[in-house]
Amino acid sequence: MMDVQVDVLIIGAGPSGCVAASYLFNQGHRVKVVEKSHFPRFVIGESLLPRCMDHFEEVGLLDCLKERNYEVKAGARFLRDDVVCNFDFSQKHTEGWDWTWQVPRADFDHTLTQELIKRGVDIQFGHEVLDVQIQEDGSSTTQIKNDQGESYQVNAKFIVDSSGYGRVLPRLLDLDKPSSIPEHSSIFTHVKDLKRPEGREGTLITFDVLDTDTWFWVIPFSNGITSIGFVGKNELIDSYSGPNTERMKAMLKLTEYYHSRFEGLEFEFEPVCIRNYSKAVKKFYGKGFVLTGNSAEFLDPVFSSGVTFATESALQSSKLISKELNGETVDWEKDYADYIKYGVNVFATYVKEWYTGNLQTLFFHRPENLEVKKQICAVLAGYVWDETNPFVKKHDRIVANLAHVIDMQKKMSE
């Protein structure tokens with residue numbers, strides 16, 4: 001195969017890679033996207049947040065997604081015992097989109113790539129990155145092999161690693177570091193939701209909270225399929241023996257609310273189990289490269305932040321790459337690393353405080369404080385850079401402090 005010369009090589013054709021490719025292509029830069037898999041392909045991360053709608057709209061990818069008629073996600077429901085906590089994205093502190101989608105990712109990602117290919121973006125599937133050499137000036141030579149075994153080189157001025165769980169550059173450049181998020185496992189599959197209730201109940205994305213560390217997700221799609229899965233401590237998941245299908249069937253008994261709805265239904269595929277899924281990196285960028293989405297940081301799925309961080313980081317980094325390619329000076333530390341870390345740290349606080357139980361205290365305390373709920377709702381919608389929101393600006397202490405006040409009031413009333 002012939003070697004290739006481009007401005008930007010993008011590794012990975014998921015939502016992060018597609019947003020980056022679309023923006024850079026729209027700006028007139030020469031872009032090549034390489035993807036190890038063949039689409040459509042299954043991947044987890046099926047619940048979006050309203051914030052990512054801004055990204056798809058800005059790069060011109062919103063209309064092709066609207067045509068797919070995905071299930072509208074107007075909020076999220078959390079259940080614990082007999083208490084229901086409903087978040088409505090139209091009732092949030094920060095202005096912005098008040099809805100998004102619940103999506104079968106195989107179709108969603110395929111739709112994005114086909115739209116870009118139709119526009120003329122060079123996307124190659126079944127192409128695996130073998131090695132990357134980055135020069136002092138940031139230019140790079142990447143060795144790639146297609147699934148026919150043919151190898152070639154891509155010479156680029158910049159590399160965007162949007163490889164997600166593949167984590168290509170973190171592996172090749174030794175950028176991984178331990179995550180500070182507690183170690184949990186997840187096990188999940190899809191079912192034909194034959195007993196899905198009519199009306200709103202059948203469309204709601206729901207998190208059934210079984211205990212402080214364990215929860216069950218239900219994500220209905222508009223095609224009649226529903227994604228179901230458990231998250232829990234490693235020892236809980238490991239306590240169920242046998243093939244994953246048998247483990248999942250046994251675990252369904254844990255959810256009293258949903259057991260009858262999903263009992264006896266055949267799984268669309270052998271349930272997948274992922275251990276210790278949270279990831280972190282030593283740095284977000286370097287001379288001639290940037291990490292976006294799950295290649296950089298991946299948090300716990302409890303608040304569905306994955307795709308939003310993927311598209312936020314892709315758009316932010318692409319804007320900086322475009323400026324740099326046009327001869328402008330870019331402050332990558334301030335305008336990318338610090339910016340993305342801020343949002344990651346806000347969301348990481350909510351993940352950690354979920355598992356301490358403090359955030360669950362706020363969710364399920366009655367009577368509800370509607371102003372607090374609006375502010376938390378804005379965070380859950382992905383607007384984690386809005387410092388007018390106390391639950392963003394004071395994220396590192398406000399959740400714990402308010403939970404402590406609630407616990408003290410409860411003790412005083414007993």
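Here the structure is a predicted model, which is why all the values come from computation and not from measurement. If you read the sequence from its start, that first residue is 1, and numbering goes on from there.
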Considering residues at least two apart in sequence or located in another chain, which fulfil the salt bridge (charged side-chain N to carboxylate O under 4.0 Å, His left out) criterion with [X]?
{"X": "Lys66", "answer": "none"}
{"X": "Lys192", "answer": "none"}
{"X": "Arg80", "answer": "none"}

Minimum side-chain heavy-atom gap [X]-[Y] below 4.5 Å:
{"X": "Gln102", "Y": "Glu46", "result": "no"}
{"X": "Lys92", "Y": "Asn389", "result": "no"}
{"X": "Tyr339", "Y": "Asp335", "result": "no"}
{"X": "Cys377", "Y": "Phe89", "result": "yes"}
{"X": "Arg261", "Y": "His259", "result": "no"}
{"X": "Leu49", "Y": "Val307", "result": "no"}
{"X": "Val19", "Y": "Phe56", "result": "yes"}
{"X": "Tyr342", "Y": "Glu387", "result": "yes"}

Kindly give the heavy-atom pair with the smallest separation between [X] and [Y], and that separation in Å.
{"X": "Ala314", "Y": "Ala20", "result": "CB-N, 4.0 Å"}
{"X": "Val31", "Y": "Asp122", "result": "O-CB, 3.8 Å"}
{"X": "Arg366", "Y": "Cys85", "result": "NH2-CA, 3.7 Å"}

task: Check the pair Phe267 / Asn244 against side-chain contact (heavy atoms from CB on, under 4.5 Å), numbers first and verdict last.
output: CA-CA 11 Å; Phe267 299 149; Asn244 284 350; over 6 Å; no

Between [X] and [Y] (salt bridge meaning N to carboxylate O under 4.0 Å), is one present in this structure?
{"X": "Arg275", "Y": "Asp238", "value": "yes"}
{"X": "Glu371", "Y": "Lys373", "value": "no"}
{"X": "Lys334", "Y": "Asp331", "value": "no"}

field: Test log, rule side-chain contact (heavy atoms from CB on, under 4.5 Å), inputs Glu136 and Lys287
entry: CA-CA 7 Å; Glu136 287 187 10; Lys287 186 67 174 176; over 6 Å; no

By side-chain contact (heavy atoms from CB on, under 4.5 Å) - contacts of [X] (at least two apart):
{"X": "Ile398", "value": "Pro390, Phe391, Lys394"}
{"X": "Thr141", "value": "Gln143, Gln153, Asn155"}
{"X": "Thr111", "value": "Cys64, Leu65, Arg68, Tyr70, Asp107"}

Name all residues meeting the side-chain hydrogen bond (donor to acceptor under 3.5 Å, both in side chains) criterion together with [X]; count only those two or more places apart in sequence or in a different chain, and write none if there are none.
{"X": "Glu201", "result": "Arg77, Tyr257"}
{"X": "Lys253", "result": "none"}
{"X": "Gln133", "result": "Asp131"}
{"X": "Thr113", "result": "none"}

Just checking [X]: does its [atom1] atom have more than 12 heavy atoms from other residues, nucleotides or ligands closer to it than 6.0 angstrom?
{"X": "Glu150", "atom1": "CD", "answer": "yes"}
{"X": "Lys374", "atom1": "NZ", "answer": "no"}
{"X": "Glu333", "atom1": "CD", "answer": "yes"}
{"X": "His404", "atom1": "NE2", "answer": "no"}

task: Give the intermediate values and the outcome of side chain to side chain donor-acceptor pair (under 3.5 Å) for residues Glu353 and Thr356.
output: CA-CA 5 Å; Glu353 293 290 17; Thr356 65; 2.7 Å; yes

What pairs of donor and acceptor atoms, side-chain ones from residues 6-17 against any protein atom, are under 3.5 angstrom apart with sequence neighbours left out?
from	atom 1	to	atom 2	distance (Å)
Asp7	OD1	Arg30	NH2	3.1
Asp7	OD1	Lys157	NZ	3.3
Asp7	OD2	Arg30	N	2.8
Ser16	OG	Ser162	OG	3.3
Ser16	OG	Thr292	OG1	2.6
Ser16	OG	Ala310	O	3.0

- request: Verify side chain to side chain donor-acceptor pair (under 3.5 Å) between Tyr350 and Ser305, making sure each step is shown before the conclusion.
  value: CA-CA 11 Å; Tyr350 283 77; Ser305 64; over 6 Å; no

Does the separation of the ring centres of [X] and [Y] fall below 6.0 angstrom?
{"X": "Phe230", "Y": "Phe262", "result": "no"}
{"X": "Phe269", "Y": "His190", "result": "yes"}
{"X": "Trp354", "Y": "Phe78", "result": "yes"}
{"X": "Phe363", "Y": "Trp215", "result": "no"}

- prompt: Roughly how far, to the nearest 0.5 Å, is OG of Ser317 from OH of Tyr23?
  reply: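 Between atom OH of Tyr23 and atom OG of Ser317 there are 10.5 Å.
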
message: Go through it in stages, so that I can follow the logic: the residues are Thr189 and Ile228, the test is side-chain contact (heavy atoms from CB on, under 4.5 Å), and I'd like the CA-CA distance, side-chain angles, deciding distance and then a yes or no.
response: CA-CA 6 Å; Thr189 188; Ile228 59 175; 4.0 Å; yes

- request: Please assess Trp385 against Glu312 for the test side chain to side chain donor-acceptor pair (under 3.5 Å), listing each intermediate value before the final yes or no.
  value: CA-CA 11 Å; Trp385 288 271; Glu312 184 85 41; 5.7 Å; no

task: Verify ring-ring contact (aromatic ring centres under 6.0 Å, His included) between Tyr383 and His93, making sure each step is shown before the conclusion.
output: CA-CA 9 Å; Tyr383 293 95; His93 171 84; over 10 Å; no

- request: Give a yes-or-no answer on whether the side chains of His184 and Asp213 include a donor-acceptor pair shorter than 3.5 Å.
  value: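 Asp213 and His184 do have a side-chain donor-acceptor pair below 3.5 Å.
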
- request: State which residue, out of His127, His38, Lys36, fulfils the side-chain hydrogen bond (donor to acceptor under 3.5 Å, both in side chains) condition with Asp147.
  value: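 Of the listed residues His127, His38, Lys36, the side-chain hydrogen bond (donor to acceptor under 3.5 Å, both in side chains) partner of Asp147 is His38.
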
Side-chain donor-acceptor distances from residues 216-224 under 3.5 Å, at least two apart:
from	atom 1	to	atom 2	distance (Å)
Trp217	NE1	Ser227	OG	3.0
Ser222	OG	Asn69	O	2.8
Asn223	OD1	Ile225	N	3.0

field: Stepwise side-chain contact (heavy atoms from CB on, under 4.5 Å) test for Phe303 and Leu359
entry: CA-CA 12 Å; Phe303 300 125; Leu359 190 57; 3.4 Å; yes

- request: Go through the steps for Phe158 and His29 under the test ring-ring contact (aromatic ring centres under 6.0 Å, His included), then give the verdict.
  value: CA-CA 11 Å; Phe158 217 99; His29 303 297; over 10 Å; no

